[in-house]
Each structure stands twice: as C-alpha cells, then as structure tokens.
Amino acid sequence: MSEFIIETNNLTKEFNKFTAVKDVSLKVPKGALYGFLGPNGAGKSTTIRMLLDLMKPTKGTVHIFNKDIRNHRMDILRKVGAMVESPSYYENLTAYENLEITRKILQVDKKEIDKALEIVNLSKWRNKRVKNFSLGMKQRLGIAQALIGDRELLILDEPTNGLDPAGVREIRNLIISLPETMGVTVLISSHILSEIELIADHVGIIRKGSLLFQGTLEELKTKGNREIAIKAKPLKEVENFLRGKGISANNREGTLYIPRRNIDIEELNKTLVLSGYGVSHLSECEKNLEEIFLELTGGIE
Ligand SMILES: Nc1ncnc2c1ncn2[C@@H]1O[C@H](COP(=O)(O)OP(=O)(O)O)[C@@H](O)[C@H]1O
Ligand SMILES: [Mg+2]
C-alpha cells in the first residue's frame with residue numbers, strides 16, 4: 001500500500017514520433033491540493049487524460065487509490081470527479097438538468113445536485129439554460145459536475161482558464177475550500193505560477209513532457225540557489241580579493257553576488273573589513289518562486 005492517492009510510474013505518451021509526456025512519476029498524497037504546473041504544451045492535459053483513462057499511455061502505469069486503472073477503471077472513476085479543459089454542456093438544458101444527467105449516470109441522491117450547486121454558488125441560476133451562462137458560470141458548473149457523488153479525488157484541468165480576475169478569485173477560493181469541506185484530494189493544473197502558489201500545498205512542475213520538480217511548495221521555495229549580495233568599495237578590488245580566495249563573484253549593477261554554499265557571512269564580513277574594504281551591505285538573498293520557476297522551465301513560451 002502506498003500513501004499516495006495518485007501514483008504514476010514512468011508514464012509516457014508518444015504521438016507518432018513526438019513524446020508529449022515522458023517518464024512522469026506523479027505522487028499525489030492523500031488530502032493534498034496538488035498543483036500541476038507547466039507552460040502551455042508541456043503535457044499537462046495529456047497526463048490528465050491518461051490518469052482518467054481517456055487515453056492509453058505508450059508506456060508506464062497509473063495507480064489511483066492504490067489500484068491499477070487498467071484493471072479497476074469503473075471502481076476508480078466512480079470516485080474521481082474531473083473537469084478536463086473547457087467542459088461541454090447541453091446548452092439548451094438548465095444547470096440543474098445538466099447535473100441531473102451526471103447524477104443519473106452515477107446513481108446518487110438528488111440532494112447531491114443541490115449540494116454541488118450550493119458549493120459552486122449557482123443555486124440561484126439552477127433553472128437557467130446554460131446557453132445564457134457566462135464562461136465563469138460554465139466553469140463553476142463544470143466543477144459542480146465534478147463534485148456530484150461520492151468523490152474522493154478531483155482532477156481539474158486549468159479550471160480558471162479564460163476567466164476574468166474576479167472569476168479567477170472565486171474559483172480559487174472555492175478550490176482552496178474543497179479538501180476541508182469535501183474531504184477530497186485535489187489535482188489542479190495551471191500554466192500560471194501565481195495561481196498555483198496561492199492554491200497548492202504540493203507542486204509538480206512539468207516542461208516538455210518531463211517532470212522537473214515534485215514536492216511541497218515549501219521545498220520548491222527553498223530550492224532557490226541562495227546567493228550572498230555584497231556592496232563594498234572599491235568594488236573591483238573586492239572582486240579580485242574574493243577571486244584570490246577562490247570565490248567567483250558575479251557583478252550585477254554594482255552589487256557582487258557570490259554563491260552561498262559554505263560561506264559564513266559573519267566571517268566574510270570580518271575578513272573584508274579587516275582587509276580594509278568599506279562594506280556597506282552584506283546579505284543573504286533567496287530567489288523568489290517566480291525566478292525558481294523560470295529557471296526550471298526556461299520561461300513560458
Ligand atoms: N492528440 C494529439 N496528437 C498529437 N499531438 C498532441 C495531441 N495532444 C496533444 N499533443 C501535443 O502534446 C503536447 C502536450 O500537449 P498538452 O498535454 O495538451 O499540453 P498542456 O495541457 O500542458 O498545454 C503539445 O505539444 C501538443 O501539441
Ligand atoms: Mg492543457
């Protein structure tokens with residue numbers, strides 16, 4: 001038994017000769033709000049389709065609730081609520097009627113529809129036809145659909161795509177509340193770091209089909225190669241002095257940056273001052289999450 005709700009092993013998908021997903025081993029712990037982050041085209045939706053058995057992997061395995069999706073498809077999917085890319089609806093049916101279809105398939109109580117509409121804040125619009133819905137309302141209806149029934153896992157593929165900032169905030173608050181209110185594990189994909197940063201406690205970063213990082217958000221934050229920033233005079237001499245000690249400094253706009261490694265800041269300060277340099281600033285600086293992400297992914301294409 002593993003403690004992971006989702007566990008994939010070397011999940012790979014090739015389209016002809018193109019590898020869209022390559023050896024991805026996801027580990028999503030129970031109760032996590034897992035942010036699956038990567039630039040457009042990184043392979044998020046392809047991975048998610050394989051998780052949901054909407055697409056067969058070229059190689060690798062998917063285990064959900066410790067069961068292999070190949071042998072326990074219905075068992076697993078009954079307990080997984082999903083929204084993959086922009087959900088489609090019967091536009092001429094109302095919100096309620098659309099959810100009724102899902103309810104019938106899952107054979108659960110009608111109360112489930114009321115509950116889901118309440119959670120996504122659509123109760124007022126339950127009898128309105130979906131063709132009159134805004135994009136945000138449709139996204140919320142998609143989440144409601146994913147919530148119906150006895151779900152233990154929610155998989156949401158870019159649920160805030162195409163929403164205005166107010167809509168994004170609303171969906172974000174909704175998602176953050178889900179593990180507590182519904183007792184579910186959530187995997188949410190996004191190409192926007194700030195989204196994931198505000199929502200997730202665990203993160204997987206994918207780029208060009210490969211998983212580059214997986215761990216807690218805290219672990220990601222501490223991943224930044226720390227540097228020490230030095231402002232001292234005369235700068236050029238200080239740079240040479242450091243080089244003489246085997247420390248290569250990077251001069252960026254009048255500040256020297258050296259790798260943190262095993263350097264004791266107090267010792268360094270003493271050494272510089274005792275060697276006659278005027279030190280006006282000495283500090284340890286960490287890269288922020290955005291810098292770490294950009295470094296990992298090489299920027300968003
Ligand atoms: N059915 C398909 N046939 C061929 N290539 C595909 C198919 N689906 C996705 N791709 C390609 O695989 C890559 C990953 O796509 P996708 O998983 O949709 O990325 P993301 O969801 O991260 O934006 C992209 O280069 C995309 O063009
Ligand atoms: Mg996608």
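When reading the values below, keep in mind they use all heavy atoms of this one structure, side chains included, and skip hydrogens, waters and symmetry mates. Start at 1 and go down the list; that is how both ligands and their atoms are numbered.
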Using a strict threshold of under 4.0 Å (side-chain N to carboxylate O), is an ion pair present between E284 and R260?
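Between E284 and R260 there is a salt bridge, with a charged N closer than 4.0 Å to a carboxylate O.
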
List, ordered by chain and residue number, the protein residues whose closest non-hydrogen atom lies under 4.0 Å from any atom of ligand 1.
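Within 4.0 Å of ligand 1, protein side: F15, F18, A20, P39, N40, G41, A42, G43, K44, S45, T46.
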
Hey, is the main chain of Y257 close enough, under 3.5 Å, to the side chain of R252 for a donor-acceptor pair?
no

Examine distances only and state if a side-chain atom of E180 and a backbone atom of S177 form a donor-acceptor pair shorter than 3.5 Å.
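Checking the backbone N and O of S177 against the side chain of E180, no donor-acceptor pair under 3.5 Å is found.
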
Could you list the residues that satisfy ring-ring contact (aromatic ring centres under 6.0 Å, His included) with F241, not counting sequence neighbours?
Y277

Return the set of residues passing side-chain hydrogen bond (donor to acceptor under 3.5 Å, both in side chains) with E152 (not counting sequence neighbours), or none when no residue passes.
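None.
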
Among residues at least two apart in sequence or on other chains, which ones pass side-chain hydrogen bond (donor to acceptor under 3.5 Å, both in side chains) with D68?
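With sequence neighbours excluded, D68 shows a side-chain hydrogen bond (donor to acceptor under 3.5 Å, both in side chains) to R70, given in chain and number order.
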
Between the Mg ion (ligand 2) and S45, is there an N, O or S atom separated by less than 2.8 Å?
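So S45 does bind the Mg ion (ligand 2) by this criterion.
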
